[in-house]
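One structure is given here, and the rest of the page talks about it.
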Amino acid sequence: MMRYVVSLCLLALSWAQDCQVANIQVMQNFNRSLYTGTWYAVGKKDPEGLFLIDNIVANFLVADDGSMTATARGRVNILNNWEMCANMLATFEETMDPAKFRMKYWGVASYLQTGNDDHWVIDTDYENYAIHYSCRQLDTDGTCLDSYSFIFSRSPAGLRPEDQFTVLQKKQDICLLGKYRRVAHTGFCETNNFQPPE
């Protein structure tokens with residue numbers, strides 16, 4: 001019951017909220033070295049177009065020179081009837097804000113999506129949860145027309161109870177409350193590694 005009341009309060013606040021992308025707050029004093037390692041997507045706000053569906057696991061690496069790269073894999077649906085596990089790669093370009101990157105990504109197979117999107121770290125405690133945000137297209141009023149976001153956990157089982165309110169608040173802060181879906185981890189990519197020929 002209490003969770004229901006909190007959700008209603010946050011929804012009421014969102015009606016009068018400033019949703020301009022330029023005003024979205026990101027993680028302060030972000031430490032990319034602590035951010036490295038394996039993250040499991042447990043929640044996702046989808047963008048337009050083909051994208052990873054579920055069983056999404058990302059691994060972030062920081063090289064000796066400080067540059068950050070990532071690999072990710074997850075289930076995709078090709079041509080609406082072909083399920084497969086896709087492998088993705090990404091490099092990150094730094095900006096003036098240490099929690100805001102430009103992320104260039106591409107699929108190992110040529111038919112997978114490529115792009116050059118924002119990768120903003122909204123919040124993380126590094127050990128349990130992280131909240132990612134990207135706006136692909138701005139509207140004329142400065143709000144976002146096409147965005148996507150991941151809720152990451154260090155565990156495929158999902159968020160700890162003590163982290164859920166913080167994550168809920170951050171969803172509201174980035175104007176995406178109620179727009180996420182749960183991301184399942186069924187082991188699909190552990191048993192379906194076949195990639196069709198290019």
Side-chain angles (χ1 to χ4, degrees), residues 3-32 35 39 41-54 56 58 60 68-70 72 74 76-77 80 86 88-107 112-126 129-153 159 163-183:
R3 190 174 296 175
Y4 178 72
V5 172
V6 169
S7 297
L8 283 178
C9 290
L10 290 175
L11 183 60
L13 286 172
S14 69
W15 291 339
Q17 185 179 3
D18 176 5
C19 291
Q20 290 194 326
V21 174
N23 295 334
I24 291 177
Q25 299 297 306
V26 296
M27 180 72 180
Q28 298 298 304
N29 302 312
F30 176 68
N31 186 323
R32 71 183 72 181
Y35 190 65
W39 290 100
V42 295
K44 181 170 177 280
K45 189 276 179 185
D46 290 303
E48 297 179 6
L50 175 67
F51 221 68
L52 301 178
I53 300 171
D54 54 30
I56 302 166
F60 292 87
M68 191 164 72
T69 60
V76 295
N77 194 327
N80 295 321
M88 308 293 292
L89 304 171
T91 57
F92 297 86
E93 179 184 343
E94 297 180 12
T95 69
M96 295 295 291
D97 190 316
K100 294 182 177 181
F101 298 88
R102 288 294 297 177
M103 179 181 70
K104 181 180 180 181
Y105 63 91
W106 63 96
L112 295 172
Q113 191 170 25
T114 62
N116 190 359
D117 297 339
D118 288 331
H119 181 97
W120 292 4
V121 181
I122 301 300
D123 192 29
T124 182
D125 69 349
Y126 302 106
Y129 74 90
I131 303 160
H132 151 275
Y133 173 82
S134 178
C135 179
R136 287 177 156 182
Q137 184 180 359
L138 284 174
D139 203 345
T140 54
D141 63 357
T143 61
C144 192
L145 281 174
D146 182 20
S147 66
Y148 65 98
S149 175
F150 287 102
I151 306 300
F152 287 117
S153 172
L159 299 173
D163 298 325
Q164 291 179 3
F165 181 79
T166 299
V167 171
L168 185 68
Q169 178 64 57
K170 294 299 180 180
K171 289 178 180 180
Q172 193 265 336
D173 290 348
I174 58 177
C175 300
L176 294 179
L177 186 65
K179 297 183 179 181
Y180 289 81
R181 62 175 178 81
R182 182 176 174 273
V183 177

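Contact detail for Cys135 and Tyr133: the closest heavy-atom pair is CB-OH, 3.6 Å. Taking both residues in full, the closest heavy atoms of Phe60 and Phe92 are given as CE2-CZ, 3.6 Å, listed atom of the first, atom of the second, then distance. Residue Phe152 comes nearest to Leu159 through the heavy atom pair O-CD2, 4.0 Å, listed as atom of the first residue, atom of the second, then distance. Smallest separation of non-hydrogen atoms from Asn116 and Tyr105: N-CE2, 4.1 Å. The heavy-atom pair separating Val183 from Lys44 by the smallest distance is CG2-CB, 3.6 Å. The shortest heavy-atom contact between Pro47 and Arg136 is CB-NH1, 3.6 Å.
A salt bridge between Asp118 and Lys100 is absent, with no side-chain N of the basic residue lying under 4.0 Å from a carboxylate O of the acidic one.
In this model, no donor atom of one side chain and acceptor atom of the other lie less than 3.5 Å apart for Asn31 and Tyr126.
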Inset, instruction - Under the side chain to side chain contact (heavy atoms under 4.5 Å, CB included) rule, what do Val121 and Ile131 come out as? Steps first, then yes or no, please. - result: CA-CA 6 Å; Val121 181; Ile131 303 160; over 6 Å; no
Legend entry - Criterion side-chain hydrogen bond (donor to acceptor under 3.5 Å, both in side chains) on Thr143 and Asp141, from CA distance to verdict: CA-CA 6 Å; Thr143 61; Asp141 63 357; 2.6 Å; yes
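If you take CG on Asp123 and NZ on Lys170, they are separated by 4.5 Å, rounding to the nearest 0.5 Å. Within the model, atoms CE of Met88 and CH2 of Trp106 stand 9.5 Å from one another, a figure rounded to the nearest 0.5 Å. How far CG of Asp163 is from CD1 of Ile151: 11.0 Å, rounded to the nearest 0.5 Å. The line from CG of Leu145 to CD of Gln137 is 5.0 Å long, rounded to the nearest 0.5 Å. Within the model, atoms CG of Asp146 and CG of Asp117 stand 8.5 Å from one another, a figure rounded to the nearest 0.5 Å. Here Thr91 contributes atom OG1 and Met68 contributes atom CE; the two are 10.0 Å apart, rounded to the nearest 0.5 Å.
At least one side-chain heavy atom of Tyr129 sits under 4.5 Å from a side-chain heavy atom of Asp125. Looking at Leu89 and Thr69, their side chains never come closer than 4.5 Å, going by heavy atoms from C-beta outward.
Aromatic ring centres of His119 and Phe150 lie farther apart than the 6.0 Å criterion allows.
Glu93 places no side-chain N or O within donor-acceptor distance of the main-chain N or O of Met103, the cut-off being under 3.5 Å. The backbone N or O of Ser147 sits nowhere less than 3.5 Å from a side-chain atom of Ser134 that would complete a donor-acceptor pair. For the pair Arg32 (side chain) and Pro98 (backbone), a donor-acceptor distance under 3.5 Å is absent.
Residue His132 is tested with Tyr148, Tyr35, Trp120 for a ring pair (Phe, Tyr, Trp, His ring centres under 6.0 Å); the sole match is Tyr148.
Taken as a pair, Cys175 and Cys144 fail the criterion of an SG-SG distance shorter than 2.5 angstrom.
Every pair passing side chain to side chain donor-acceptor pair (under 3.5 Å) that includes a residue from residues 173-183 is listed here, sequence neighbours excluded: Asp46-Arg181, Ser149-Tyr180, Gln169-Asp173.
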